[in-house]
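Written out below as structure tokens is the structure these notes cover.
The first residue in the sequence is number 1, and the count goes up from there. The basis for the numbers below is simple: all heavy atoms, side chains too, and nothing from hydrogens, waters or symmetry mates. Please read these numbers as outputs of a predicted model, since none were measured by experiment.
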Amino acid sequence: MEILKISSKSNPNSVAGAIAGLVKESNKAEMQAIGAGALNQAVKAIAIARGFVAPAGVDLVCIPAFAEVEVEGEERTGIKLMVEGRK
């Protein structure tokens with residue numbers, strides 16, 4: 001599965017479209033965010049994506065977890081957000 005990597009500069013509307021597409025295709029999407037700004041954009045995107053899939057009777061559920069991510073050869077702790085669609 002493709003992992004969406006979110007930064008503080010990510011456009012929430014674009015990310016929301018990607019989330020909605022993945023949820024429609026495989027019923028789940030996974031995102032990684034490192035830092036408060038990136039997490040903020042990710043949460044906004046989930047809220048927007050919910051509006052995209054709600055008319056089809058799908059509700060989004062978000063499961064947060066910690067993730068170890070390698071950035072420029074250095075281990076960093078990030079947040080992994082697993083989003084699932086439920087009818």
Side-chain angles (χ1 to χ4, degrees):
M1 178 194 330
E2 180 183 353
I3 298 174
L4 302 174
K5 294 183 180 178
I6 312 301
S7 79
S8 60
K9 295 180 175 127
S10 294
N11 181 334
N13 288 310
S14 298
V15 176
I19 293 168
L22 288 170
V23 167
K24 287 177 184 176
E25 181 182 301
S26 64
N27 206 42
K28 58 184 160 184
E30 188 174 324
M31 298 184 287
Q32 282 182 352
I34 299 174
L39 185 59
N40 182 48
Q41 297 302 80
V43 172
K44 282 194 243 180
I46 293 168
I48 294 167
R50 185 173 182 262
F52 293 164
V53 298
V58 177
D59 201 12
L60 295 182
V61 177
C62 178
I63 304 163
F66 287 107
E68 293 298 321
V69 182
E70 188 173 321
V71 179
E72 298 175 3
E74 192 177 315
E75 284 289 316
R76 306 265 319 258
T77 301
I79 299 288
K80 178 168 60 170
L81 300 169
M82 292 159 284
V83 179
E84 298 177 358
R86 298 204 179 146
K87 290 193 178 212

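Within the 4.5 Å cutoff, the side chain of Glu84 has heavy atoms near those of the Ile63 side chain. Side-chain contact between Val15 and Asn13: absent, with no pair of heavy atoms (C-beta onward) separated by less than 4.5 Å.
Lys5 contributes atom NZ, which lies 10.0 Å from atom CD of Glu2 (distance to the nearest 0.5 angstrom). Note that the CD1 atom of Ile19 and the SG atom of Cys62 stand 8.5 Å from one another [nearest 0.5 Å].
Note on Phe66: it clusters hydrophobically with Val83, by side-chain heavy-atom contacts below 4.5 Å among ILVMFWY residues. One hydrophobic cluster, built from ILVMFWY side chains closer than 4.5 Å, cannot hold both Leu4 and Val69; they sit in different ones.
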Check residues 50-59 and write down every donor-acceptor pair under 3.5 Å in which the side-chain atom is one partner and the other belongs to a residue at least two apart or another chain.
unit_1, atom_1, unit_2, atom_2, d
Arg50, NE, Asp59, OD1, 2.8
Arg50, NH2, Asp59, OD1, 3.4

For a quick test of your reading: what N or O donor-acceptor pairs under 3.5 Å do the side chains of residues 25-42 make, sequence neighbours left out?
unit_1, atom_1, unit_2, atom_2, d
Ser26, OG, Leu22, O, 3.1
Ser26, OG, Lys28, O, 3.2
Asn27, ND2, Gly85, O, 3.0
Gln41, OE1, Lys44, NZ, 3.0
Gln41, NE2, Ser10, O, 2.9

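Minimum heavy-atom separation, Leu81 to Ile79: CD2-CG2, 3.8 Å. Here the shortest heavy-atom pairing between Ala49 and Ala20 reads CB-N, 4.4 Å.
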